[in-house]
Amino acid sequence: MEMPKPDPAWKRFEKLIGKWELKGRSLDSKEDNITGWSTFEWILDGFFLKMTSEINFNGMTIHSVEIVAYDLDKKTFPANVYSNMSGGVLSYGMDMKNNEFTHTGLGATYKGTLSEDGNTLKGGWRPDKGIPSTAANTYDADMIRIK
């Protein structure tokens, strides 16, 4: 008997695997007030993607672990986020098409573009349609690969 293999759709995330430094600012700030790091790694033989982050957001340290799955029927990548901001599970989603990365959840969407060399991801979070803009959902955040 042969072990199953992860769906080929996962290949689009390969370019994110590694450790990234994060810097950014809320749109009401004149200087960076968001710093931290994130790592992307395959788990359970490549059937899931794990993103671990530590972010200092305007003086508040946020720790999170995000587990991304692949929904074969919907062809989407739903994610569960566990953080020190909530004792519950937060629902997010993630996708990577060509060099365009999206991350959605809690009424906001991050859209970023990965550089041609794969070492810089530039983008920002914006509220979804109908959601008011706040410092928590409206900010720019760029990541630079460090490993």
Side-chain angles (χ1 to χ4, degrees), residues 5-72 74-129 131 133-147:
K5 294 185 171 108
D7 193 280
W10 278 116
K11 290 183 193 280
R12 66 180 86 174
F13 288 97
E14 188 64 40
K15 49 185 98 176
L16 293 177
I17 301 300
K19 186 167 185 174
W20 299 78
E21 179 182 63
L22 177 115
K23 286 187 181 181
R25 68 179 65 182
S26 52
L27 298 186
D28 62 351
S29 178
K30 294 182 189 222
E31 58 188 40
D32 287 347
N33 57 357
I34 303 165
T35 59
W37 57 266
S38 292
T39 60
F40 292 85
E41 62 184 302
W42 298 117
I43 60 171
L44 300 175
D45 298 324
F47 280 94
F48 297 91
L49 180 66
K50 178 175 131 183
M51 182 174 122
T52 306
S53 299
E54 180 179 298
I55 299 169
N56 183 304
F57 193 97
N58 205 21
M60 181 172 42
T61 301
I62 301 166
H63 298 273
S64 66
V65 175
E66 185 164 353
I67 306 296
V68 185
Y70 181 60
D71 185 318
L72 284 164
K74 295 179 183 176
K75 308 277 190 246
T76 60
F77 296 90
N80 288 324
V81 177
Y82 309 88
S83 81
N84 64 330
M85 299 298 293
S86 167
V89 179
L90 304 173
S91 295
Y92 276 72
M94 197 179 279
D95 205 355
M96 185 83 185
K97 291 183 180 170
N98 300 314
N99 284 347
E100 301 299 317
F101 177 71
T102 58
H103 195 195
T104 60
L106 302 180
T109 299
Y110 177 88
K111 291 184 181 181
T113 302
L114 188 65
S115 63
E116 287 301 317
D117 68 4
N119 290 321
T120 305
L121 180 65
K122 290 186 166 287
W125 284 91
R126 299 296 184 267
D128 295 338
K129 188 175 182 178
I131 304 291
S133 179
T134 67
N137 68 13
T138 310
Y139 58 93
D140 291 331
D142 298 336
M143 296 197 310
I144 298 169
R145 184 185 304 277
I146 54 178
K147 279 190 191 174

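The analysis underlying the following values was restricted to heavy atoms, covering all of them including side chains, and did not include hydrogens, waters or symmetry mates. Residue numbers run from 1 in the order of the sequence given.
The side chain to side chain donor-acceptor pair (under 3.5 Å) pairs that include a residue from residues 15-31 are Lys15-Asn99, Arg25-Asp32, Ser26-Asp28, Ser26-Asn33, where partners are two or more places apart or lie in different chains.
Thr113 and Glu100 are linked by a side-chain donor-acceptor pair at a separation below 3.5 angstrom, with hydrogens and angles left out of the test.
Phe101 places a side-chain heavy atom less than 4.5 Å from the side chain of Met94. Contact annotation: the side chain of Tyr110 approaches that of Leu121 to within less than 4.5 Å [non-hydrogen atoms, C-beta and beyond]. Within the 4.5 Å cutoff, no side-chain heavy atoms of His63 are placed close to those of Tyr82. Annotation: side chain of Met85 is in contact with side chain of Met60 (closest heavy-atom distance under 4.5 Å). At a threshold of 4.5 Å between non-hydrogen side-chain atoms, the residues Asn84 and Thr61 do not count as touching. Between Lys75 and Asp95 the shortest side-chain heavy-atom distance does not fall below 4.5 Å. Within the 4.5 Å cutoff, the side chain of Asp128 has no heavy atoms near those of the Asn137 side chain. Using a 4.5 Å heavy-atom cutoff, the side chains of Val68 and Glu66 are in contact.
Looking only at distances, no side-chain donor or acceptor of Asp142 sits under 3.5 Å from a matching main-chain atom of Gly112. A distance-only check finds no donor-acceptor pair linking the side chain of Ser53 to the backbone of Ile55 [under 3.5 Å]. Side-chain atoms of Ser115 come within 3.5 Å of backbone N or O of Thr120 as a donor-acceptor pair.
Applying side-chain contact (heavy atoms from CB on, under 4.5 Å) to Tyr92 and the options Thr104, Leu106, Asn80 leaves one that passes, Leu106.
Taking both residues in full, the closest heavy atoms of Val81 and Ser64 are given as CG1-CB, 4.2 Å, listed atom of the first, atom of the second, then distance. A pairwise comparison of heavy atoms in Ser38 and Met51 identifies OG-CE, 4.2 Å as the closest pair.
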Derivation of the side-chain contact (heavy atoms from CB on, under 4.5 Å) call for Ile131 and Lys129:
CA-CA 6 Å; Ile131 304 291; Lys129 188 175 182 178; over 6 Å; no
Any chance you could lay out the salt bridge (charged side-chain N to carboxylate O under 4.0 Å, His left out) test for Lys122 and Asp140, step after step, and finish with the verdict?
CA-CA 8 Å; Lys122 290 186 166 287; Asp140 291 331; over 6 Å; no
Asn58 and Ile34: CA distance, side-chain angles, deciding distance, side-chain contact (heavy atoms from CB on, under 4.5 Å) verdict:
CA-CA 6 Å; Asn58 205 21; Ile34 303 165; 6.0 Å; no
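Shown here is Asp117, whose CG atom has more than 12 heavy atoms of other residues, nucleotides or ligands within 6.0 Å.
Aromatic pair Tyr139/Phe57: centroids less than 6.0 angstrom apart. Taking the six-membered ring for Trp and the full ring otherwise, Phe13 and Phe77 have centroids separated by under 6.0 Å.
Between the CG atom of Asp71 and the OG1 atom of Thr76 there is a distance of 4.5 Å, given to the nearest 0.5 Å. Between the CH2 atom in Trp42 and the CZ atom in Phe48 there is a gap of 11.5 Å [rounded to 0.5 Å]. Taken to the nearest 0.5 Å, the CE atom of Met143 stands 6.5 Å off from the CG atom of Leu16. Interatomic distance, Asp7 CG to Leu72 CG, rounded to the nearest 0.5 Å: 5.5 Å. Put simply, CD1 on Ile67 and CG on Leu44 are 8.0 Å apart, with the number rounded to the nearest 0.5 Å.
Trp125 and His103 have tilted rings, their planes meeting at an angle from 30° to 60° on a 0 to 90° scale.
Ionic pairing of Lys5 and Asp45 is not present here: no N-O contact between side-chain nitrogen and carboxylate oxygen is shorter than 4.0 angstrom.
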